[in-house]
2 protein chains.
Amino acid sequence: MPSTYRMNPCAAAAVGSHACTQCDIRKDSMCSALNEEELQQVESLVTHINLPPGDILFDEGDHRGFAYNVSSGVMRLCKLLPDGRRQVTGFLYPGDHLGLSAHDSYSYGAEAVTDVHLCRFRVNELEGLFEELPNLALRLFSMANDELAAAQEQILLLGRKNPREKVISFLLSLSARNVDRDLPPSPLDLPMRRTDIADFLGLTVETVSRTFSRLKEDGIIELPSADRVILKDHELLEELADES
Amino acid sequence: MPSTYRMNPCAAAAVGSHACTQCDIRKDSMCSALNEEELQQVESLVTHINLPPGDILFDEGDHRGFAYNVSSGVMRLCKLLPDGRRQVTGFLYPGDHLGLSAHDSYSYGAEAVTDVHLCRFRVNELEGLFEELPNLALRLFSMANDELAAAQEQILLLGRKNPREKVISFLLSLSARNVDRDLPPSPLDLPMRRTDIADFLGLTVETVSRTFSRLKEDGIIELPSADRVILKDHELLEELADES
DNA sequence: CGAACGTTTGACGGGAATCAAGATAGGTGG
DNA sequence: CCACCTATCTTGATTCCCGTCAAACGTTCG
């Protein structure tokens, strides 16, 4: 099969990284709750999915057959109103989980922002492990509680912050994520489009763009390119996130 | 002790209802996951709390020493910005749980809207039961997932709905709660103040009040008193909740 | 009855959405 | 390699909705 010779090195590397024992985001994921033996059990249930940017993993309302761990890349979760208005309820990064809930259909759509690699489980198989691996269930419970706290923070942002505070809070949350992953707090990558940011913050694209420009004018951030931000004064930003 | 003769019937009834086996909201709470024997185990950890309207159960940032089940009454969860802006992140009804999270301090404040009765647990004691009573942990996990879905729905509301749609969605969620508790979908009780509703929906009191008045003018609702709403056309309201 | 609080209504202004156009970047094919 | 095309981002002008400020009304409780 000559075609295999044409497989590019990146794809080959991606295949290599599928071994759970060598997963470099294991500590950030639900799998951190598992020992080597338990990890094998989980691995036996998993299949792997790759998505190019813009691809839809599932739509709101689809039958909830699978749950996923984000292994690499960034995803967005979206909810839509009948007339087309969109709300991005969150961005998912490596280690994040999606698909577990109490209902039999997804309550949001999931789409790839970048190239994405996902570990896929059948919902019933994953849930079937809870009895045998209580630590897995407790880990997912803990992750759900973290998500809930983040959602409440987002509710505060959407309900009570002005556009400038919203954008700054968003940048700071990305910065905090960098630090969690042992990266410097700045510069930041913005893999998502301005529209995604707007739909995440409850604003329009124009307002997001204007707010970025204004922050740049004020010397609080630098924008070497549209998808890269340098925070000039982290402490000042922390203050401005709550009252500007 | 003559004073006991003066105990009013309601208070006596309340005391009587503290027995977990006779708890009438057990099916709505985390305790639905327990059999009679397990219920006793949980009951041995519980103490009971009563709060009058307006009382603070705990503030955002307080040490997370206790978790609670709402047994009767309504509570509100609040987050504050340094300059005093307030966001009500949710209202809690009988059966709802509060206080479990991954962090050692509360991420929101909790206050009584009405007279409230709560079952109180020490966090470490409750969490200590998870190993022995996996069904309890799974039940709380499921409840957390429901809360998460509700939070995402609220994020959609706050980010993308206009005041009219927000108020209608709020009324419909109360109506749905009525139905869950085997009550008719209308009339609705509004035990909370207009300010609470405003801070829940990301509006001002004036806008909430005006929106109610407008819905009344339009004949879509009736307001026999400020804390009581009759829904005149449920189907129409369902439509208007998403696009008005 | 009167004070305090909560709700409603009115007048007005500011800020974000809308509408419109220009600038920039990324990708394609000649 | 460059010209072109398209998608995205940015900037500008205008509109209008909701927040702000102010006052009246209603209700509860001492």
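The analysis underlying the following values was restricted to heavy atoms, covering all of them including side chains, and did not include hydrogens, waters or symmetry mates. Throughout, a chain's letter reflects where its sequence line sits, starting with A, and its residues are numbered from 1. All figures in this text were calculated on a predicted structure; none of them were measured in a lab.
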> I'd like to check the side chain to side chain contact (heavy atoms under 4.5 Å, CB included) partners of Asp180(A); sequence neighbours left out, ordered by chain and number.
none
> Using chain A heavy atoms and a threshold of under 4.0 Å, write down where along DNA chain D the contacts begin and end, 5' to 3'.
dT8(D) to dA13(D)
> May I ask you to decide whether Asp242(B) forms a salt bridge with Arg160(B), counting only side-chain N to carboxylate O separations under 4.0 Å?
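Salt bridge between Asp242(B) and Arg160(B), a charged N being under 4.0 Å from a carboxylate O: no.
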> Please determine, by modelled atom types, if Arg120(B) and Thr47(B) share a side-chain donor-acceptor pair under 3.5 angstrom.
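Note: Arg120(B) and Thr47(B) side chains meet the donor-acceptor criterion.
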> Quick one, which residues of residues 73-84 of chain B touch DNA chain C with a heavy atom under 4.0 Å?
none
> Where do Ala149(A) and Ser107(B) come nearest, in terms of heavy atoms and distance?
CB-OG, 4.4 Å
> When you look at Leu57(A) and Leu98(A), which way does the side-chain contact (heavy atoms from CB on, under 4.5 Å) test go after all the steps?
CA-CA 11 Å; Leu57(A) 180 61; Leu98(A) 69 161; 4.2 Å; yes
> Give a yes or no on whether Arg177(B) atom CZ has more than 12 heavy-atom contacts from other residues, nucleotides or ligands under 6.0 Å away.
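Check passes, neighbour count above 12.
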> Take Ile221(A) and Ile230(A) through the test side-chain contact (heavy atoms from CB on, under 4.5 Å) and record every step on the way to the result.
CA-CA 5 Å; Ile221(A) 65 171; Ile230(A) 298 172; over 6 Å; no
> In a table with atom names and distances, give each donor-acceptor pair under 3.5 Å that connects a side chain of residues 231-238 of chain B to protein atoms at least two apart or in another chain.
{"residue": "Lys232(B)", "atom": "NZ", "partner": "Glu222(B)", "partner atom": "OE2", "Å": "2.8"}
{"residue": "Asp233(B)", "atom": "OD1", "partner": "Glu235(B)", "partner atom": "N", "Å": "3.3"}
{"residue": "Asp233(B)", "atom": "OD1", "partner": "Leu236(B)", "partner atom": "N", "Å": "3.0"}
{"residue": "His234(B)", "atom": "NE2", "partner": "Ser175(B)", "partner atom": "OG", "Å": "3.2"}

> For DNA chain D, whose closest nucleotide is more 5', that of Arg160(A) or that of Phe212(A)?
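That would be Phe212(A).
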> According to side-chain hydrogen bond (donor to acceptor under 3.5 Å, both in side chains), does anything in residues 81-98 of chain B pair up with another residue at least two apart or in another chain? List the pairs.
Glu165(A)-Arg85(B), Asn69(B)-His97(B), Asp83(B)-Arg85(B), Arg86(B)-Asp196(B), Arg86(B)-Asp199(B)
> Pairs counted only when both distances fall under 3.5 Å, Watson-Crick or G-U: show me the 5' to 3' dot-bracket for DNA chain D, [ ] for pseudoknotted crossings and | for other-strand partners.
||||||||||||||||||||||||||||||
> What is the 5' to 3' range of DNA chain C, first to last nucleotide, that sits under 4.0 Å from any heavy atom of chain A?
dA16(C) to dC19(C)
> Any side-chain to backbone donor/acceptor pair from Arg164(B) onto Thr211(B)? Under 3.5 Å, distance only.
no
> Not counting sequence neighbours, which residues clear side chain to side chain donor-acceptor pair (under 3.5 Å) with Lys216(B)? List them please.
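For Lys216(B), no residue satisfies side chain to side chain donor-acceptor pair (under 3.5 Å) once neighbours in sequence are set aside.
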> What verdict does the side-chain contact (heavy atoms from CB on, under 4.5 Å) test give for Leu171(B) and Phe212(B), after you've listed the backbone C-alpha separation in whole Å, the side-chain angles of each residue and the deciding distance to 0.1 Å?
CA-CA 10 Å; Leu171(B) 295 176; Phe212(B) 272 115; 4.0 Å; yes
> With a cut-off of 3.5 Å and sequence neighbours excluded, list every side-chain donor-acceptor pair involving residues 150-157 of chain A.
{"residue": "Glu153(A)", "atom": "OE1", "partner": "Lys79(B)", "partner atom": "NZ", "Å": "3.0"}
{"residue": "Gln154(A)", "atom": "NE2", "partner": "Phe200(A)", "partner atom": "O", "Å": "3.0"}

> Could you list the residues that satisfy side chain to side chain donor-acceptor pair (under 3.5 Å) with Ser213(B), not counting sequence neighbours?
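Side chain to side chain donor-acceptor pair (under 3.5 Å) check on Ser213(B) returns nothing, list empty.
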> Can you pull out the residues from residues 190-209 of chain A that lie within a 4.0 Å heavy-atom distance of DNA chain C?
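Under 4.0 Å from DNA chain C: Gly202(A), Leu203(A), Thr204(A), Glu206(A), Thr207(A).
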> Taking side chain to side chain donor-acceptor pair (under 3.5 Å) as the definition, give me every residue that meets it alongside Arg228(A), ordered by chain and number, with sequence neighbours left out.
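Counting only residues at least two positions away or on another chain, Arg228(A) forms a side chain to side chain donor-acceptor pair (under 3.5 Å) with Asp189(A).
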